Asks: 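Sending over a structure as structure tokens; questions will come in a sec.
Keep in mind that this is a model prediction, so the values were computed, not measured. In the text below, chain A, chain B and the rest are named by the order of the sequence lines, each starting its count at 1.
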Amino acid sequence: MPSSAEIGLTAAQFEAEFPFYLQVGCDGAIGRMGASLARIMPPGPAGFGERFRVIRPEMTADFAGLAAWGGKLLVLESRFEPVVRLRGSVQLQPDGRSALLLLSPWITRVEDIEALGLSIGDFGAHDPAVDLLFLQQSNLHALEDTRRLAARLRERTASLDSISALSPDGIVLFGEEGRVSYANPALGRMLGESVSFFHDMTEETFTSFLVTLLDFGQTLPDFQAMAAAEDTREGGGERRRHPRATFTIAQPQRRVISCSVRAREGESKVLYFRDITRETEVDRMKSEFLSTAAHELRTPMASVYGFSELLLKRDYDDTTRRDLLGTIHRQAGALIHLLNELLDLARIEARAGKDFRIARRPLRPIVEQTVAALLMPNDARKVEVALPAALPECDVDEEKFQQALTNLLSNAYKYSPGGGAIRLDAVFDDDGGRVGIRVRDEGLGMTREQLARCFERFYRADTSGNIPGTGLGLALVKEIMEILGGSVEIDSVYGAGTTCVLWLPRGGDDAVRAA
Amino acid sequence: MYGMVNKAIEDLVTDLKGAAAWEALKRDADVDVETFVGMDRYDDAVTYRLVDAASRMFGVPAEEILEAFGEYWTVYTANKGYGHLMAAAGNSVFGVLENLDAMHTRLAMIYPDMRIPQFRLIRDAAGHGWLTYQSDRAGLGAMVVGLLKGLGRRFGTPVAVEWVERRDEGAAADRFRVALEV
């Protein structure tokens with residue numbers, strides 16, 4: 001152990017290491033003090049008790065008190081401004097005539113260093129007071145970061161909440177415990193329950209609930225297997241495709257649902273449900289349309305091809321040749337008609353009425369001109385028109401409305417081959433907001449099933465092939481009337497006839513309803 | 001590098017060009033960090049890539065970006081809660097520079113992973129300062145030039161800095177002559 005002489009410090013070294021020291025004489029007067037303490041202590045009385053009070057321990061601020069507390073922890077507070085607390089210990093000097101207080105300011109905020117007019121160079125290098133302040137400051141920054149990140153997280157959560165609340169697709173989130181921690185409103189709508197119904201539900205209960213909704217013969221996808229497959233595909237980047245499965249529910253209404261899963265081992269799992277009923281139906285209709293269109297085109301094409309081949313390979317007399325050419329001509333005409341109607345439909349759909357020339361027109365002359373222009377070969381019947389003296393004006397594209405009405409009248413003729421009256425008159429709805437042009441026949445009529453499908457493209461109520469037509473006429477009428485802001489209504493009794501009404505909104509106040 | 005450095009780069013770019021530009025810069029730098037955490041450690045390469053991308057964005061050499069960043073750092077630290085630490089470091093350019101090394105040593109006690117640089121200031125009879133900067137990170141000398149100018153701004157004392165010895169030119173350490181223009 002070194003002797004006291006070996007560990008002694010020079011006055012300068014002592015001053016550097018204990019810049020806040022204080023020497024108190026036996027008379028209670030302050031003797032010497034460190035340079036840093038002198039910097040913060042303004043001039044004033046020399047008495048220790050006049051400049052400081054002892055906070056800990058409880059004692060009087062005089063030499064006797066200090067001498068009795070030798071070597072122990074001591075806390076002082078200045079009686080001058082700025083008020084500063086100092087902590088340290090008392091060492092009674094060997095001569096017993098003075099006490100040495102080895103002190104350091106007790107500072108709890110970094111800004112107080114500046115407030116006291118000090119800098120970190122004013123502290124002893126061994127004194128950890130500043131380090132503790134740095135540590136505290138660092139904790140404050142960590143807290144600030146935490147608050148910033150928490151605020152960002154809250155913002156992100158709010159955005160995700162809005163997205164999922166507005167999403168038309170159903171989303172359910174299972175927490176780590178395997179229970180529903182979130183379900184969005186779309187899921188509730190899709191499955192016919194309130195959002196709260198799913199709250200805290202286990203995955204097994206949720207799956208069992210879905211099973212009760214399944215359509216006949218359907219099975220539920222294995223979400224666990226999908227999650228496992230998803231897990232093994234982690235790291236594939238944004239463009240990777242997630243495993244999907246499709247199932248059909250019958251309750252609360254029939255829906256085809258596409259499902260995907262995002263999950264990680266030991267973490268939350270998200271099931272995502274998308275209602276693809278409409279897409280599935282549209283896909284089916286497209287396939288059916290293509291198949292039917294091809295079939296409808298092939299029939300007349302086959303005739304044209306077959307009969308022209310016969311004409312090329314064989315010699316026929318004039319009569320037979322004319323017959324064959326007549327068939328080819330007729331079939332080519334049917335083909336052109338079919339293609340025209342297809343093109344009309346496609347154009348109307350694509351343009352969505354942008355090429356309609358809609359203007360306010362009196363309805364009566366349009367209807368009369370349509371009837372007058374109607375030419376039905378080999379049919380002597382006339383349309384029995386019973387229109388009121390005045391019909392309101394309507395906003396119509398004259399040509400397109402005539403096309404729609406011509407289709408209805410043509411159908412009335414074709415589907416009443418056995419004769420019977422074909423009548424045309426006007427009807428008005430209850431509040432007078434719409435006017436309807438009604439066409440009635442006493443022909444074959446349609447069954448309920450036929451009526452339900454009559455607007456489908458290529459649908460023919462006549463399956464015998466004896467009645468010419470493309471199966472596109474009523475689809476075209478429907479498109480036209482909807483673009484004109486109206487509608488088409490069909491009622492039919494099998495074996496008794498059909499009634500069709502083309503409804504249009506009335507054009508304005510000048511319209512007159514006839515008695 | 002601690003996140004506070006990258007965060008300061010973020011603030012500098014955002015102040016000058018807006019948040020969208022910062023996001024674009026991160027993409028250009030191939031930095032997939034949504035938000036930097038001040039007290040967290042990031043690979044040094046992230047900082048270097050951000051500086052390179054900023055250099056491309058602003059169309060100036062990386063050294064100029066570092067100098068601008070160094071100058072911004074003094075403003076940034078003052079505004080982001082480090083102002084009192086700066087104040088505790090001293091109330092003049094040379095006061096801060098004299099305490100800079102001790103301050104870094106104290107910080108290293110708190111952040112044991114921090115790879116702190118060393119600063120040594122010698123003042124000559126003419127009143128100039130000679131600052132030696134040593135770091136195990138390469139290529140950051142320009143940032144010290146910016147820091148010195150920033151300190152001058154902080155204390156309202158324009159500072160003339162001369163980079164007299166460069167480590168990238170074979171010197172053992174970077175050395176700067178610092179003259180206060182009073």
Asks: Between N99(B), V96(B), L100(B), which is the residue that forms a side chain to side chain contact (heavy atoms under 4.5 Å, CB included) with I120(A)?
Replies: N99(B)
Asks: For A125(A), is it the side chain, the backbone, both, or neither that has a heavy atom closer than 4.5 Å to a heavy atom of chain B?
Replies: backbone
Asks: Heavy-atom count check: over 12 atoms from other residues, nucleotides or ligands less than 6.0 Å from D32(B) CG?
Replies: no
Asks: Provide the closest heavy-atom pair for D145(A) versus G38(B) in the form atom of the first, atom of the second, distance.
Replies: OD2-N, 2.5 Å
Asks: Give the member of R109(A), R152(A), E114(A) that has the highest number of heavy-atom pairs under 4.5 Å with chain B.
Replies: R152(A)
Asks: For the CG atom on N91(B), are there more than 12 heavy atoms of other groups (residues, nucleotides or ligands in this structure) within a distance under 6.0 Å?
Replies: no
Asks: Would you name the heavy atoms of V110(A) and A88(B) that are closest together and state the gap between them?
Replies: CG1-CB, 4.2 Å
Asks: Which region of M4(B), side chain (C-beta onward) or backbone (N, CA, C, O), has a non-hydrogen atom less than 4.5 Å from a non-hydrogen atom of chain A, or is it both or neither?
Replies: neither
Asks: Should we say atom CZ of R79(A) is surrounded by more than 12 heavy atoms from elsewhere, each under 6.0 Å from it?
Replies: yes
Asks: If you look at every heavy atom in A89(B) and S119(A), which pair is closest and at what distance?
Replies: C-CB, 4.2 Å
Asks: Could you give the distance from CE (M109(B)) to CG (L132(A)), rounded to the nearest 0.5 Å?
Replies: 10.0 Å
Asks: Please say whether more than 12 non-hydrogen atoms of neighbouring residues, nucleotides or ligands are located less than 6.0 Å from CZ in R56(A).
Replies: no
Asks: Does W163(B), at its CH2 atom, have more than 12 non-hydrogen atoms belonging to other residues, nucleotides or ligands within less than 6.0 Å?
Replies: yes
Asks: Check each atom of F36(B) against the heavy atoms of chain A and say whether the ones under 4.5 Å are side chain, backbone, both or neither.
Replies: backbone
Asks: Could you tell me whether R167(B) atom CZ has more than 12 heavy atoms of other residues or ligands within 6.0 Å of it?
Replies: yes
Asks: Got more than 12 heavy atoms from elsewhere within 6.0 Å of CZ, R32(A)?
Replies: no
Asks: Under 4.5 Å heavy-atom distance to chain A, tell me which part of E34(B) shows up: side chain, backbone, both or neither.
Replies: both
Asks: Step through the shown structure and confirm whether more than 12 heavy atoms of other residues, nucleotides or ligands are within 6.0 Å of NE2 on H199(A).
Replies: no
Asks: With a 4.5 angstrom heavy-atom cut-off, is it the side chain or the backbone of L135(A) that approaches chain B, or both, or neither?
Replies: both
Asks: If you define the side chain from C-beta out and look only at heavy atoms, does anything of T35(B) sit under 4.5 Å from R148(A)?
Replies: yes
